[in-house]
Amino acid sequence: ISSAQESFIVYNGALYFTASESATGLELYKTDGTAAGTQMVKDIRTGSAGSFYTNVNNERQLFKIFNNELFFIVLNTNQAELWKTDGTEAGTIRVYNFGGVGFPVYSVKGETATLGVELNGFLYFAVKYDNGTVSLWKTDGTSAGTTFITHGFSNIQEFTVYNGFVYFAGESPSNGNELWRTNGTNSGTNILYNIFPDDINFVGKSSNPSYLTVFNNELYFKARGYDYTQNTIIGSELYKTDGNTLTLVKNINTATNVVDTEGSGLNLPKFIEFQNELYFIASDNQDNEYDLWKTDGTETGTLKMVDNLEVSASSIQFQSPIVYNDKIFFHNFQQLWVTDGTNGGVTMQLTDNGDTTIPIQTFSNPMLIMFDKLWFSGYTSDNKQELWSVYPSALGLDDEMQTPLQISVFPNPTSNLIYINSTQPIQYVEIYNSLGQLLSATYRMKKIDIKYLSSGLYLAKIKVNDNIIAKKIIKK
């Protein structure tokens with residue numbers, strides 16, 4: 001395989017992805033993790049043009065697992081078609097051709113584009129036509145079972161399954177971009193809320209619902225609204241619905257930026273559930289920056305938790321957040337950060353912290369949890385791109401275990417030696433960097449030489465009487 005390995009997905013015990021060869025273009029491959037087990041599944045579109053969209057920045061989730069098969073869009077000659085595979089060449093087949101006047105499209109959800117969602121044995125997706133209109137379709141995975149539901153949209157985004165319906169943001173000429181839902185029938189596809197008025201012509205008709213997220217059996221999203229009592233446009237804020245009642249959870253940014261128009265509290269909220277609350281990025285216009293907030297679904301329970309990290313007085317980017325080891329890890333200005341999500345708690349940068357044994361820069365691609373570790377891609381000081389992992393023990397920023405043993409480490413910070421004061425014999429001392437990687441181990445010693453370490457934060461795990469106590473060490 002020469003280049004452009006993209007769009008990875010695990011399916012039926014193998015890793016599937018697209019890759020490019022000069023003779024075939026971008027096609028479908030799979031691997032079992034060995035060189036011998038890495039092969040092209042099928043050269044779908046013969047010749048060098050290739051069958052798939054390029055996906056360098058992972059802006060699309062090209063594949064969708066449905067009915068134990070892998071579905072995707074194929075770029076065939078002058079048209080796009082819906083295909084599927086069971087992992088074999090013979091089982092990689094066309095599901096439906098839309099007659100040359102329409103083609104299936106990936107619909108935006110949050111910050112990526114997806115093929116669709118599954119509900120009650122059907123895969124729901126959007127089809128765009130040559131005249132620019134977009135229709136809603138569904139399939140059971142067969143050509144005969146691929147059917148049209150309804151039309152009249154200029155865009156369909158944010159497919160989300162909630163309480164027996166498929167919810168989506170549908171843009172129509174009469175109502176603009178508003179929240180819709182479908183049960184899979186034409187008559188059962190309706191606009192649910194026309195959140196923003198249609199008669200304020202100078203600002204359009206749309207509330208633009210986006211980032212649809214199910215949390216605590218309610219549907220949360222970002223949308224623009226209107227305060228009819230004050231005759232004021234509400235910027236993009238946090239809403240929720242149970243399918244019957246629409247609620248503005250909190251109007252976070254009430255500052256008026258133009259006449260009768262408030263600023264937006266939410267821009268790219270990047271919702272993530274953590275400790276039974278919904279965390280997201282928002283701005284209350286106090287410092288003109290976006291910070292980390294959380295909500296329990298109530299106005300009083302919607303609170304700012306972590307300010308802008310003091311990164312050049314910039315907003316938190318909060319890219320590719322993921323929960324691991326009871327903390328939220330995320331990329332911020334091409335660095336790996338971690339937070340426990342509390343005011344005054346642990347929020348810190350892990351990479352490029354002066355320790356030359358860890359990356360100086362990371363990529364904003366999604367991180368992955370495998371083998372009880374968090375994996376990410378990073379650059380080292382010699383400009384090499386490598387795969388890195390964070391161990392479960394990373395960032396034990398308070399003592400990992402509380403015991404009756406009295407142990408102290410001094411001097412701290414230090415430039416060369418640390419001494420361990422313990423009333424009981426020391427069994428061993430292990431030194432870890434901020435990613436949780438073991439750097440050294442000594443046995444039955446109270447004096448540890450760390451002058452070889454770069455400046456930065458380290459963790460010492462000290463075992464005494466079969467108890468392990470963790471202590472932070474700062475190397476000057």
Side-chain angles (χ1 to χ4, degrees), residues 5-10 15 17 54-64 106-114 157-158 160 210-215 220-222 266-275 277-283 289-294 305-306 308-309 311 314-341 346-353 358-380 385-392 394-395 434-436:
Q5 296 88 38
E6 301 166 356
S7 307
F8 296 94
I9 186 170
V10 176
L15 183 66
F17 57 98
T54 57
N55 199 30
V56 177
N57 297 316
N58 290 305
E59 67 270 19
R60 300 183 183 97
Q61 295 177 9
L62 291 190
F63 302 107
K64 172 69 177 180
Y106 292 98
S107 298
V108 171
K109 180 170 173 59
E111 295 173 44
T112 59
T114 65
Q157 299 179 344
E158 294 287 338
T160 304
S210 61
Y211 288 87
L212 274 61
T213 302
V214 178
F215 167 67
Y220 288 73
F221 56 96
K222 157 196 162 184
L266 275 65
N267 181 24
L268 304 174
K270 305 176 184 180
F271 295 118
I272 185 170
E273 185 174 348
F274 178 58
Q275 295 180 344
E277 293 180 300
L278 192 63
Y279 280 72
F280 59 99
I281 298 299
S283 172
E289 305 294 347
Y290 284 83
D291 306 306
L292 184 61
W293 288 63
K294 73 173 183 179
M305 299 309 296
V306 179
N308 58 37
L309 310 185
V311 182
S314 298
S315 300
I316 297 176
Q317 288 188 325
F318 206 58
Q319 294 178 314
S320 305
I322 187 171
V323 175
Y324 170 70
N325 201 31
D326 205 30
K327 298 179 181 69
I328 304 176
F329 289 75
F330 59 97
H331 295 295
N332 196 68
F333 293 95
Q334 295 183 304
Q335 299 298 335
L336 181 62
W337 283 72
V338 65
T339 182
D340 64 4
V346 174
T347 299
M348 67 175 297
Q349 181 176 322
L350 299 184
T351 52
D352 196 25
N353 63 2
I358 63 175
I360 62 171
Q361 182 180 347
T362 65
F363 293 85
S364 299
N365 296 335
M367 293 174 276
L368 178 68
I369 298 173
M370 287 186 67
F371 310 121
D372 200 30
K373 299 177 185 178
L374 179 66
W375 298 85
F376 66 97
S377 180
Y379 269 123
T380 55
Q385 180 184 353
E386 296 178 327
L387 185 63
W388 292 78
S389 64
V390 177
Y391 288 68
L395 300 173
S434 61
L435 295 185

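This structure is a prediction, so every number in the text was calculated from the model and none was measured.
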If you round to the nearest 0.5 Å, how far is [atom2] of [Y] from [atom1] of [X]?
X: K327; Y: N325; atom1: NZ; atom2: CG; answer: 5.0 Å
X: K222; Y: T213; atom1: NZ; atom2: OG1; answer: 12.0 Å
X: T114; Y: E158; atom1: OG1; atom2: CD; answer: 8.5 Å
X: M305; Y: W293; atom1: CE; atom2: CH2; answer: 10.5 Å
X: D326; Y: D340; atom1: CG; atom2: CG; answer: 8.5 Å
X: N267; Y: Y290; atom1: CG; atom2: OH; answer: 4.5 Å

Is any side-chain heavy atom of [X] closer than 4.5 Å to a side-chain heavy atom of [Y]?
X: Y211; Y: L266; result: no
X: I316; Y: N332; result: yes
X: L336; Y: M367; result: yes
X: Q361; Y: D352; result: no
X: L268; Y: F318; result: no

(message) Could you work out, with side chain to side chain contact (heavy atoms under 4.5 Å, CB included) as the rule, every residue matching V214, not counting sequence neighbours?
(response) T160, Y162, L219

(request) Just jot down the side chain to side chain contact (heavy atoms under 4.5 Å, CB included) partners of T339, sequence neighbours excluded, or say none. (result) L292, V306, I328, F330, T347

Closer than 3.5 angstrom, by distance alone: can the side chain of [X] be matched with the main-chain N or O of [Y] as a donor-acceptor pair?
X: E6; Y: N55; value: yes
X: Q61; Y: S7; value: no
X: Y106; Y: L62; value: yes
X: T351; Y: P359; value: no
X: Y279; Y: G341; value: yes

(message) Going by salt bridge (charged side-chain N to carboxylate O under 4.0 Å, His left out), name the residues that satisfy it together with K64, two or more places apart in sequence or in a different chain.
(response) none

Mind listing the closest non-hydrogen atom pair of [X] and [Y] along with its distance?
X: Q317; Y: F333; result: OE1-N, 2.6 Å
X: Y324; Y: F329; result: O-CE1, 3.3 Å
X: I360; Y: Q335; result: O-NE2, 2.7 Å

(message) Between S320 and H331, do the side chains contain a donor N or O and an acceptor N or O under 3.5 Å apart?
(response) no

